Amino acid sequence: MEKENLFGKTLTELQAIVADLNLPKFVAKQISDWMYKKRVSSLDEMRNISKQAKELLAEKHKVSFTSFSNVQESMDGTKKYLFPVKPMQFIEAAYIPENDRATLCVSSQVGCKMGCLFCMTGKQGFQGNLTSGEILNQIFSLPEFDKLTNIVYMGMGEPFDNLDEVLKSIEILTADYGLGWSSKRITVSTIGIIPGIRKFLNQSNAHLAVSLHNPFEAERKQLMPIENVYHLPKVLDEIRSFDFNNQRRVSFEYIMFNGVNDQTRHINELARILNGIKCRINLIRFHPIPGTPLETSSNETILAFQAGLKKKGIVTTIRASRGEDIFAACGLLSTKELVKQQKNEEY
């Protein structure tokens with residue numbers, strides 16, 4: 001029987017485990033200190049825990065990290081790491097340094113169910129949810145760990161389709177027993193799963209980012225099938241019902257597609273539907289992926305779109321393109337590795 005990894009467990013979960021072994025409650029706090037503050041990778045390294053306690057724990061549990069199996073580095077300093085999760089399953093994390101910031105974009109699922117037209121991960125299909133430990137492993141196993149300033153849950157998968165494990169990972173990142181980071185360093189993205197938005201806003205203090213991409217429901221539906229289930233007006237109503245304060249932000253991600261969502265009427269509709277929501281819109285250049293007819297808007301169009309939104313009083317930024325020379329679109333590296341492994345199995 002495979003041993004259960006203690007890494008990724010919350011303090012409450014660790015307390016339940018040590019209680020089942022009739023160990024003192026304080027052992028759970030010792031374990032969390034060693035894993036999350038001292039970043040040790042085995043029970044043997046936990047020097048202030050008795051030999052007997054470690055032997056009891058080791059019967060069914062372990063502490064381990066999974067190193068990345070491949071890394072691609074862009075000329076601009078962006079790095080994309082490939083992590084094996086299980087046989088024939090791979091995820092990606094993207095490290096993005098920029099001036100005095102260093103952001104890691106982490107994955108929350110292997111593949112994705114949502115089927116957005118512009119997303120390579122969705123074309124890979126859904127293979128499973130990541131545990132809290134597998135999410136955190138992308139952070140703790142990173143060679144640049146000590147340089148990190150921000151974490152964004154914008155990698156492979158829909159975070160709110162695996163929300164319990166995402167929330168556990170955020171708790172460990174922000175709790176006193178974990179890394180003790182400020183929630184302001186963390187942003188979680190969703191395509192608009194309403195029950196997940198409600199639970200996330202009530203159970204965490206991290207920033208929210210919503211993938212919008214088109215303000216018209218019928219047009220958004222062509223890009224994002226989720227619109228058939230959770231309609232954009234209802235998503236925005238849910239956000240309006242929450243009392244955001246100065247410590248917490250909501251932003252909207254908007255990938256620019258040539259001739260699809262980059263016209264004056266889209267500017268006007270965005271201003272209408274976002275009226276009353278204090279927010280920011282991040283405009284993103286589309287990085288082409290295989291098998292899609294979509295193309296990115298021109299730089300002139302993107303700049304004009306930004307100017308139009310600003311005139312409407314909406315804070316709007318253009319996100320710099322990073323890692324284009326290493327195929328920055330999320331899911332490309334993992335899909336290539338999956339295909340390679342499948343071919344190896346055939347021979």
Side-chain angles (χ1 to χ4, degrees), residues 68 70-83 91-108 118-121 135-157 159 169-170 173-174 179-190 205-213 246-256 279-289 296-299 302-303 305-307 309-310 314-334:
F68 59 90
N70 189 13
V71 60
Q72 292 181 337
E73 183 170 4
S74 168
M75 294 191 310
D76 64 22
T78 300
K79 292 182 180 180
K80 191 158 65 168
Y81 289 94
L82 182 75
F83 290 92
I91 57 170
E92 297 172 24
Y95 172 73
I96 309 165
E98 185 175 12
N99 300 324
D100 59 348
R101 290 168 61 95
T103 300
L104 184 68
C105 178
V106 299
S107 295
S108 56
F118 48 83
C119 180
M120 190 66 196
T121 301
I135 294 170
L136 291 170
N137 181 79
Q138 299 165 71
I139 301 167
F140 280 71
S141 297
L142 193 77
E144 296 87 0
F145 174 88
D146 293 326
K147 299 178 182 178
L148 288 177
T149 62
N150 297 83
I151 302 293
V152 294
Y153 288 70
M154 297 182 181
M156 297 173 63
S169 67
I170 293 173
L173 289 172
T174 58
L179 289 185
W181 283 14
S182 167
S183 298
K184 291 186 288 184
R185 299 171 65 175
I186 301 169
T187 301
V188 183
S189 176
T190 178
N205 290 308
H207 299 310
L208 173 68
V210 178
S211 295
L212 203 163
H213 309 314
N246 293 330
Q247 301 299 312
R248 193 174 201 185
R249 294 193 310 268
V250 58
S251 58
F252 293 93
E253 309 296 299
Y254 199 91
I255 300 175
M256 300 290 294
C279 64
R280 172 191 301 270
I281 294 182
N282 293 315
L283 303 181
I284 304 166
R285 294 174 177 84
F286 176 56
H287 292 163
I289 62 172
T296 190
S297 303
S298 68
N299 285 336
I302 295 173
L303 287 168
F305 203 86
Q306 179 192 33
L309 288 171
K310 284 185 172 182
I314 301 174
V315 176
T316 308
T317 59
I318 299 173
R319 186 173 294 168
S321 294
R322 301 295 300 271
E324 290 187 72
D325 54 319
I326 57 170
F327 304 104
C330 187
L332 280 174
L333 186 59
S334 62

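In this text, all values refer to a predicted model and were calculated from it rather than measured experimentally. Basis for what follows: all heavy atoms, side chains included, without hydrogens, waters or symmetry-related copies. This chain uses plain numbering: 1 for the first residue, then up along the sequence.
Closest approach of F286 and M256 over heavy atoms only: CB-O, 3.7 Å. The two residues C279 and V315 come nearest to each other via the heavy atoms O-CB, 4.0 Å. Listed here is the closest heavy atom pair of C105 and G155: SG-N, 3.3 Å. Minimum interatomic distance between F118 and H213 (heavy atoms only, all atoms of both residues): CZ-CD2, 3.4 Å. Nearest heavy atoms, C119 versus I289: C-CD1, 3.6 Å.
Within the model, atoms CG of N282 and OG1 of T317 stand 3.5 Å from one another, a figure rounded to the nearest 0.5 Å.
Remark: the backbone N or O of E253 is not paired with any side-chain donor or acceptor of R319 at under 3.5 angstrom. Between the Q306 side chain and the T316 main chain, a donor and an acceptor come within less than 3.5 Å of each other. In this structure, the side chain of T78 does not engage the main chain of I96 through any donor-acceptor pair within 3.5 Å. Of the possible polar contacts, one joining the Q138 side chain to the S107 backbone as a donor-acceptor pair under 3.5 Å is found.
R248 places a side-chain heavy atom less than 4.5 Å from the side chain of H207. With contacts defined as side-chain heavy-atom distances shorter than 4.5 Å, the pair R285/I302 qualifies. Side-chain contact between L148 and W181 is present, with at least one heavy-atom pair separated by less than 4.5 Å. Side chains of I281 and L212 form no contact here, defined as non-hydrogen atoms less than 4.5 Å apart. The shortest side-chain heavy-atom distance between F145 and L104 does not fall under the 4.5 Å cut-off. Within the 4.5 Å cutoff, no side-chain heavy atoms of N150 are placed close to those of T187. In this structure, the side chains of I170 and V188 come closer than 4.5 Å at one or more pairs of heavy atoms. Taking the side chain as every heavy atom from C-beta outward, Y153 and S169 approach each other to under 4.5 Å.
Of the residues listed (E73, Q72, E92, E144), the one engaging Y81 in a side chain to side chain donor-acceptor pair (under 3.5 Å) is E144, and it is the only one. V106 pairs with exactly one of I186, I91, I151 by the side chain to side chain contact (heavy atoms under 4.5 Å, CB included) rule, that one being I151.
Aromatic ring orientation, F83 versus F68: perpendicular (interplanar angle above 60°, classes split at 30° and 60°).
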